[in-house]
Amino acid sequence: MVAAVWSLSAVAGCIPASLSLTLLIATLVSILVLGAAAVFFEHIRKIGCMHSLERSAISDAFFEDPNSLNKVPCPSVFDPPEKYISLIVPAYNEEYRLPEALTETLNYLKQRSAADKSFSYEVLIVDDGSTDQTSKVAFKFVKQHKIDNVRVLLLGRNHGKGEAVRKGMLHSRGELLLMLDADGATKVTDLEKLEAQVHALAQKVKSTPGTSSGSPQKASDVEIAVFGSRAHLEKQALATRKWYRNFLMKGFHLVVLLTAGPGIRDTQCGFKMFTRAAARKLFTNIRLKRWCFDVELVYLCKHLRIPMVEVSVNWIEMPGSKVRMTSIMHMVFELLLIKVGYGLGIWKIYT
């Protein structure tokens, strides 16, 4: 034993001090890398487990009616549709921007409903744990327009935009489901562009040779996703943004391309429309709760073979954006989660 210890000491003594330091650093780096990898994979596993629990859980969510003070049970996206279109508005600390956007949106919907009696709608505001007066502002619109047309879903605490959109989609009643931002950056009238594409694609699917007579008759029964896009405004944005913001965004778009593949140029525009059939598949599969759920939607559409189309929309950059430079790093981390989680089969896609 003494001889063995002596021999190890002798060997150590023969190793140069610089080499010993290098080996020590290499060992520490290896331990840190392996530890970080273990934490990362455990994080992916936990997201998968949480998703499984959410899929199997029975929702006890409800809408509050400020007029009757009754609680209205939340419908499910698996129920038959009761409205032509649902507009899902995720909101976090939007007490100042929400009123103008909702007023414009509801004026448009009321005018269209008056002109076309078959056009029915609901606006679903999902308060993602706001700490300001967002819910109070939203409930004023419920009082004014009645709970059949405007509803507020309170999440209690902040989860992220992705989770707010997911919850809204799963509790909507429309044949068509549109997500749009609370800041009114995109004109609500542009929903007609997305709507037209949905019906055009649905008609194309129905008229495809070999389609059986038992195929879906309504557009809402055909799986379709239409993405609003600001890609046509890219040159103007590059000219007005600072160089480092352009550099970061170009880098982000490259990582998105490597993660989800080509097809959709602007994944992050907050103006997207889904048929009820598509929403059932997409929003029961989605895992990400914050920034990059849009990219995950593109990824899922490709793997579930849901047709996608990108439509240019009018867009104005509104003050009060919640995207910061640090958000870019969080986005890249979430893109890595998508690539590894689905790529290694840790996250299953349910059909």
Side-chain angles (χ1 to χ4, degrees), residues 39-48 50-51 54 88-92 126 128-129 155 158-170 179-183 185-186 225-231 234 237 245-274 278-279 281-304 306 308 310 315 321-349:
V39 171
F40 178 71
F41 281 104
E42 177 62 15
H43 182 61
I44 293 176
R45 188 191 69 80
K46 283 184 177 179
I47 292 175
M50 184 63 68
H51 176 259
E54 290 171 347
I88 293 88
V89 184
Y92 176 67
V126 186
D128 187 26
L155 297 191
N158 180 249
H159 295 268
K161 181 181 177 181
E163 179 67 359
V165 170
R166 187 184 77 89
K167 289 283 191 182
M169 290 285 176
L170 293 180
M179 57 169 276
L180 67 164
D181 289 338
D183 59 2
T186 304
V226 182
F227 295 77
S229 175
R230 304 158 298 180
E234 185 177 7
R245 288 180 64 91
N246 288 331
F247 176 78
L248 288 172
M249 290 309 298
K250 284 288 187 182
F252 175 73
H253 289 153
L254 176 61
V255 179
V256 168
L257 182 64
L258 294 174
T259 302
I264 301 297
R265 293 174 62 195
D266 181 10
T267 59
Q268 302 308 111
C269 181
F271 202 75
K272 297 178 174 67
M273 183 177 285
F274 309 90
K281 280 192 175 181
L282 292 171
F283 292 96
T284 52
N285 270 297
I286 197 167
R287 269 92 171 171
L288 297 183
K289 298 183 183 296
R290 291 197 177 274
W291 299 108
C292 287
F293 76 98
D294 308 80
V295 181
E296 188 180 7
L297 285 172
V298 175
Y299 186 95
L300 288 170
C301 281
K302 290 187 175 183
H303 285 264
L304 291 168
I306 295 176
M308 296 180 292
E310 193 170 13
W315 185 83
S321 172
K322 296 178 177 64
V323 180
R324 303 288 182 265
M325 289 297 105
T326 53
S327 304
I328 301 294
M329 297 307 297
H330 196 156
M331 290 177 184
V332 172
F333 176 72
E334 288 192 343
L335 292 175
L336 187 59
L337 288 177
I338 295 173
K339 195 68 175 177
V340 176
Y342 288 114
L344 297 182
I346 302 172
W347 294 352
K348 305 297 182 184
I349 298 177

Counting distance only, does the side-chain N/O of E296 pair as donor-acceptor with the main-chain N or O of I338 below 3.5 Å? no
Salt bridge check, K161 against D181: does any charged N sit closer than 4.0 Å to a carboxylate O? yes
What's the spacing between H159 NE2 and R166 CZ if we round to 0.5 Å? 9.5 Å
Output the distance between atom OG1 (T284) and atom CG (L282), rounded to the nearest 0.5 Å. 8.0 Å
Could you grab the distance from atom CE of M308 to atom CD1 of I264, nearest 0.5 Å is fine? 5.0 Å
Taking all non-hydrogen atoms of both residues, which atom of M331 and which atom of W291 are closest, and how far apart? CG-CB, 3.5 Å
Please report the shortest heavy-atom distance between E310 and D266, naming the atom on each side. OE2-N, 2.8 Å
Under the side chain to side chain contact (heavy atoms under 4.5 Å, CB included) rule, what do V165 and K272 come out as? Steps first, then yes or no, please. CA-CA 11 Å; V165 170; K272 297 178 174 67; over 6 Å; no
CD1-CZ distance between I286 and F293, expressed to the nearest 0.5 angstrom: 6.5 Å
How far apart are the closest heavy atoms of F274 and A225, and which atoms are they? CD2-CB, 3.7 Å
Checking W347 side chain against N285 main chain: does a donor-acceptor pair fall under 3.5 Å? no
Return the orientation label for the Y342 and Y299 ring planes: parallel under 30°, perpendicular over 60°, tilted otherwise. parallel
Do the non-hydrogen side-chain atoms of D294 and M179 ever get within less than 4.5 Å of each other? yes
Could you grab the distance from atom NZ of K281 to atom SG of C301, nearest 0.5 Å is fine? 10.5 Å
Might you point out which heavy atoms bring C269 and S229 nearest each other, and give the distance in Å? SG-N, 4.2 Å
In this structure, OG1 of T186 is separated from CZ of R230 (nearest 0.5 Å) by 7.5 Å
Compare every heavy atom of G168 with every heavy atom of V126, then report the nearest pair and how far apart it is. CG2-CA, 3.9 Å
All heavy atoms of E163 vs all of K289, minimum pair found to be OE1-NZ, 3.0 Å
Look only at the side chain of E334 and the backbone of L288, and say whether a donor-acceptor pair between them is shorter than 3.5 Å. no
State whether the side chain of N158 and the backbone N or O of D128 hold a donor-acceptor pair below 3.5 Å, judged by distance alone. yes
